[in-house]
Amino acid sequence: MHQRIVQTMKISIIQHDIVRKDLKGNLDRAEQLILSAQKSDLYVLPEMFSTGFGMKPEKIAETSDGETLKWMHQMAKVTQAAIAGSVAIYENGKYYNRFYFIYPDGKEIHYDKRHLFSYAKENEHYTPGNERVVLEYKGVRILLQVCYDLRFPVFSRNCNDFDLMLYTANWPDVRLEAWDLLLKARAVENQCYVAAVNRCGSDPSGEYKGHSVILDPFGKTLAQCTPGENTSVALELDMEKLQQFRKDFPVLNDADDFELK
């Protein structure tokens, strides 16, 4: 069996207030936070970080050559690091909540949010994705997830194919206890690191305190952003420690077999 070489990786999570209809201001704010953060291999931004989460995609969606994606590529080039975050995208007559992962060399991978938030009628305006996306970066296997996906553990079940889960979100304060609890559950049940980035501030839908966090496979908080503030926090993931934990306590080997439909 091929032995995968896993290196260390430093990750920064970027928590910020998102002002609706202020694309330039949101990108400028995110850029300032990235450039003032600790030098990292990966910077993760909130869901729809340049526009805010909206149910009128025709007013906020961009094409794949839009300003937000150009900015992400530019930031990846400037920082020589990967940039990740979700963008409302218009493609072939449909709208998607698309989580982009941009590599330092310009390579681009995306995941379209599968679980659309029907409570707010997201499913009536956006098209769900149908592909579970795991990518590899610096030897770390990463699963991409968006906000509401957090409530569906089958879709995010670790089939011995990822080491880190990334969550990008616009998760309101009224359900913040669920956010905190479910993130810990995902880390523990999947024996993986979790990096989850939520916005702060407010919009017509409610208030947001963030609670952006990086968890270890025990569900322990390793790093967290100050609630309610435009800020960042960085952490170097100890991949050797993760591998040793899985070897000593091989829970994933006993997981149930299943197929997604």
Side-chain angles (χ1 to χ4, degrees), residues 9-54 60 68 71-72 75-76 78-79 81-88 97 99-102 117 145-150 164-184 186-187 193-216 219-237:
M9 187 177 75
K10 192 170 187 178
I11 182 172
S12 281
I13 52 177
I14 310 296
Q15 175 181 287
H16 71 100
D17 190 358
I18 305 169
V19 180
R20 286 197 174 188
K21 300 180 181 180
D22 187 14
L23 179 66
K24 184 179 185 305
N26 291 325
L27 293 180
D28 286 347
R29 191 158 34 253
E31 182 170 335
Q32 291 170 7
L33 286 166
I34 288 174
L35 295 180
S36 63
Q38 292 185 36
K39 174 62 179 174
S40 299
D41 300 303
L42 168 62
Y43 299 90
V44 189
L45 294 152
E47 181 183 19
M48 295 192 188
F49 66 91
S50 64
T51 61
F53 183 74
I60 62 172
T68 300
W71 175 88
M72 293 179 76
M75 290 305 300
V78 168
T79 60
I83 306 291
S86 126
V87 185
N97 188 343
F99 192 0
Y100 281 103
F101 190 102
I102 311 300
F117 192 38
Q145 298 278 271
V146 179
C147 202
Y148 192 45
D149 286 329
L150 178 60
L164 167 67
M165 305 175 81
L166 294 185
Y167 281 99
T168 180
N170 270 226
W171 196 288
D173 287 0
V174 293
R175 291 183 286 277
L176 207 51
E177 288 187 11
W179 165 261
D180 294 337
L181 178 64
L182 292 172
L183 287 173
K184 290 179 180 292
R186 297 296 88 83
Y193 288 107
V194 170
V197 186
N198 188 28
R199 66 163 293 178
C200 60
S202 63
D203 67 13
S205 298
E207 302 290 326
Y208 306 84
K209 284 193 177 66
H211 280 218
S212 302
V213 67
I214 301 175
L215 305 173
D216 72 6
K220 179 182 177 181
T221 299
L222 299 178
Q224 58 186 332
C225 291
T226 304
E229 293 189 6
N230 289 299
T231 188
S232 68
V233 68
L235 181 79
E236 187 166 298
L237 304 181

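Quick caveat: nothing in here was measured; it's all calculated off a predicted structure.
With hydrogens and angles disregarded, a donor-acceptor distance shorter than 3.5 Å links the side chain of Ser86 to the backbone of Met48. When atom types are taken as modelled, the side chain of Asp149 and the backbone of Gln145 share no donor-acceptor pair closer than 3.5 angstrom. Thr168 places a side-chain N or O within donor-acceptor distance of the main-chain N or O of Leu45, the cut-off being under 3.5 Å. Distance alone, capped at 3.5 Å, places no donor-acceptor pair between the Asp41 side chain and the Met9 backbone. At least one donor-acceptor pair closer than 3.5 Å links the side chain of Ser212 to the backbone N or O of Asn198.
In this structure, Lys39 places its NZ atom where more than 12 heavy-atom neighbours from other residues, nucleotides or ligands lie under 6.0 Å away.
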Run the numbers on Arg29 and Asp17 for salt bridge (Lys or Arg N to Asp or Glu O under 4.0 Å), then give the verdict. CA-CA 9 Å; Arg29 191 158 34 253; Asp17 190 358; over 6 Å; no
Applying salt bridge (Lys or Arg N to Asp or Glu O under 4.0 Å), run through Asp28 and Lys24 and close with a yes or a no. CA-CA 6 Å; Asp28 286 347; Lys24 184 179 185 305; 2.7 Å; yes
Salt bridge (Lys or Arg N to Asp or Glu O under 4.0 Å) between Asp173 and Lys209, worked out: CA-CA 6 Å; Asp173 287 0; Lys209 284 193 177 66; 3.0 Å; yes
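Side-chain N/O atoms of Asp203 and Tyr208 include a donor and acceptor closer than 3.5 Å. When only modelled atom types and interatomic distance are considered, Glu47 and Trp171 share no side-chain donor-acceptor pair under 3.5 Å.
Across Gln15, Met72, Arg199, a single residue satisfies side-chain contact (heavy atoms from CB on, under 4.5 Å) together with Phe49, and that is Met72.
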